[in-house]
There are 2 protein chains.
Amino acid sequence: MKQLLSNIKINVNDQVFNKDPESSELGKKIIENSIILIDELGFDSFTFKKLGDHIGSNESSIYRYFDNKHKLLIYLTSWYWAWIEYLLVFTTNGIANPLEKLKKGLEVVAQENVLDFGFSHINEVLLHKIIISESSKSYLTKEVDAENKDGYFMIYKRLVKRISEMILEVDPSYEFPQSLASTAVESVLHQQFLKQHFLSITNCNDQVSPLQFVTDLVVNNLNPIK
Amino acid sequence: MKQLLSNIKINVNDQVFNKDPESSELGKKIIENSIILIDELGFDSFTFKKLGDHIGSNESSIYRYFDNKHKLLIYLTSWYWAWIEYLLVFTTNGIANPLEKLKKGLEVVAQENVLDFGFSHINEVLLHKIIISESSKSYLTKEVDAENKDGYFMIYKRLVKRISEMILEVDPSYEFPQSLASTAVESVLHQQFLKQHFLSITNCNDQVSPLQFVTDLVVNNLNPIK
DNA sequence: CCAAAGTAATAGTATTACTATCAATAATGA
DNA sequence: TCATTATTGATAGTAATACTATTACTTTGG
């Protein structure tokens, strides 16, 4: 698996960058270290100036790759969801039983202890942490409709649709497959956040995982055929 | 109801402000117009300078009420949840049947078309819009644990707990009442956002409301006693 | 080995997010 | 009613942010 994945290049909508960060050493350093710095400082305190200092490069060089930190965040979230989508398709491929397939799919989406698959420069563990606490900022903006039109959120939406299709395969009569899928994906992240910060409003802890809760939630809503 | 509510003062943790905005005309103008401006510009582009210009007051005067716009957002979200909590308790009070009570509770939390109850200076309709697209920014920060310790999110957590208690009353054997409650509250807002911006990953639209979906989601997970 | 592309260095601007000081005015209470 | 105090406004100033522009240096590919 690790072998396989390290040969894959994950493609992100090229409208989010000015210059493909995968195309140069500096670009890769920008991605690698932005993940480290955003995790460390939080997205709000993260700046291109600080990133430049951190990697010993000039601020202006970073602007040649990304117009602003918001687009960099879109890039990182897209990359994450593309990666999860890849794992989802790969992992569930060939599972005949729809319910098994859906459960396996949720498992991929809900993974808490992400493994670093050794993509040269991306630390998936830190990226996963960023997704939990920063990813919703990528769409909670005044520009969301314009950016959505430009396809910035395509990968995320495609992933949710895949889950909703799995739901429908289990129960074609279920009325809200898309809403259930989007809720499941959202909830998995939210419960991980609550587990870390607001323990009193979640049942997730060291014994109970967000995956258990969400699997139960989704499956109990469906009436499998037969 | 309107009569009743206009006599109530909603209390927000006084650590979030330096000077109670309810205690002066300027304070009320700050709250009233911050809601209008945040709705108009989005929280990210909103500044105290712009608010000052908008209300014909000096920037420095606003700083005397709130240290920064983040604390103002905490104030606004706390106010909103306190108001919803009040409506929740008021509306569900006296309903004997646990399932009816829970459904009614979800109805309050999931209300899409908020009514302006005529609190003199707060536009609940705009505030509700702000909650949908900005409220999660109040806790998705690096300071969340410190602020949580100081009680900044108490009202929100208390509301979620009330819902989780209603869930338990319907089905005492249900394993994840808090997680289900936090998911329901979160999902209701998220589905409203999706309905507005990412239609392809929700089933909510003019015919199907987030309330319908979430009620179905919650109720199907519970096995009522008897 | 030359041209083109990529990168670094420097400088500069407008805005943001404040803090500090002082003056003007309004409210209060002795 | 006069003095005190609280409240607000005006002005100024600082450090940081979020960029843009220009120029020069350094690779690398043909």
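Here is the naming used below: chain letters follow the sequence lines, and residue numbers restart at 1 for every chain. These numbers come from the heavy atoms of this one structure, side chains and all, not from hydrogens, waters or symmetry mates.
Between B:Tyr65 and D:dT7 there is no side-chain N or O to OP1 or OP2 distance below 4.0 Å. Look at B:Ser57 and you'll find a side-chain N or O under 4.0 angstrom from OP1 or OP2 of D:dG9.
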Intermediate values then yes/no, salt bridge (Lys or Arg N to Asp or Glu O under 4.0 Å), B:Lys104 and B:Glu107 = CA-CA 5 Å; B:Lys104 203 74 190 170; B:Glu107 222 173 272; 3.4 Å; yes

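Within 4.0 Å of B:Lys19, counting heavy atoms only, lie sugar-phosphate atoms of the nucleic acid but no base atom. Contact annotation for B:Lys50: backbone-only contact, meaning every heavy-atom pair under 4.0 Å involves sugar-phosphate atoms and none involves a base. Contact annotation for B:Phe66: no contact, since no heavy-atom pair falls under 4.0 Å across all strands.
We find that CD1 of A:Ile30 is positioned 13 Å from P of C:dG6, with the value rounded to whole Å. Rounded to an integer number of Å, the gap from NZ of A:Lys29 to P of C:dT7 is 11 Å. Nucleotide C:dT7 holds its P atom 13 Å from the CG atom of A:Asn18, rounded to whole Å.
Residues B:Phe198 and A:Tyr156 place their aromatic rings such that the two centres sit no closer than 6.0 Å.
Pairs passing the salt bridge (Lys or Arg N to Asp or Glu O under 4.0 Å) check and including a residue from residues 182-198 of chain A, sequence neighbours excluded, read A:Glu112-A:Lys195.
Toward the 5' end of DNA chain D, the nearer of the two residues B:Ser61 and A:Asp44, judged by each one's closest nucleotide, is B:Ser61.
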Close N or O pairs between protein and nucleotides 19-23 of chain D (under 3.5 Å):
unit_1, atom_1, unit_2, atom_2, d
D:dC19, O5', A:Tyr63, OH, 3.3
D:dC19, N4, A:Glu59, OE1, 3.4

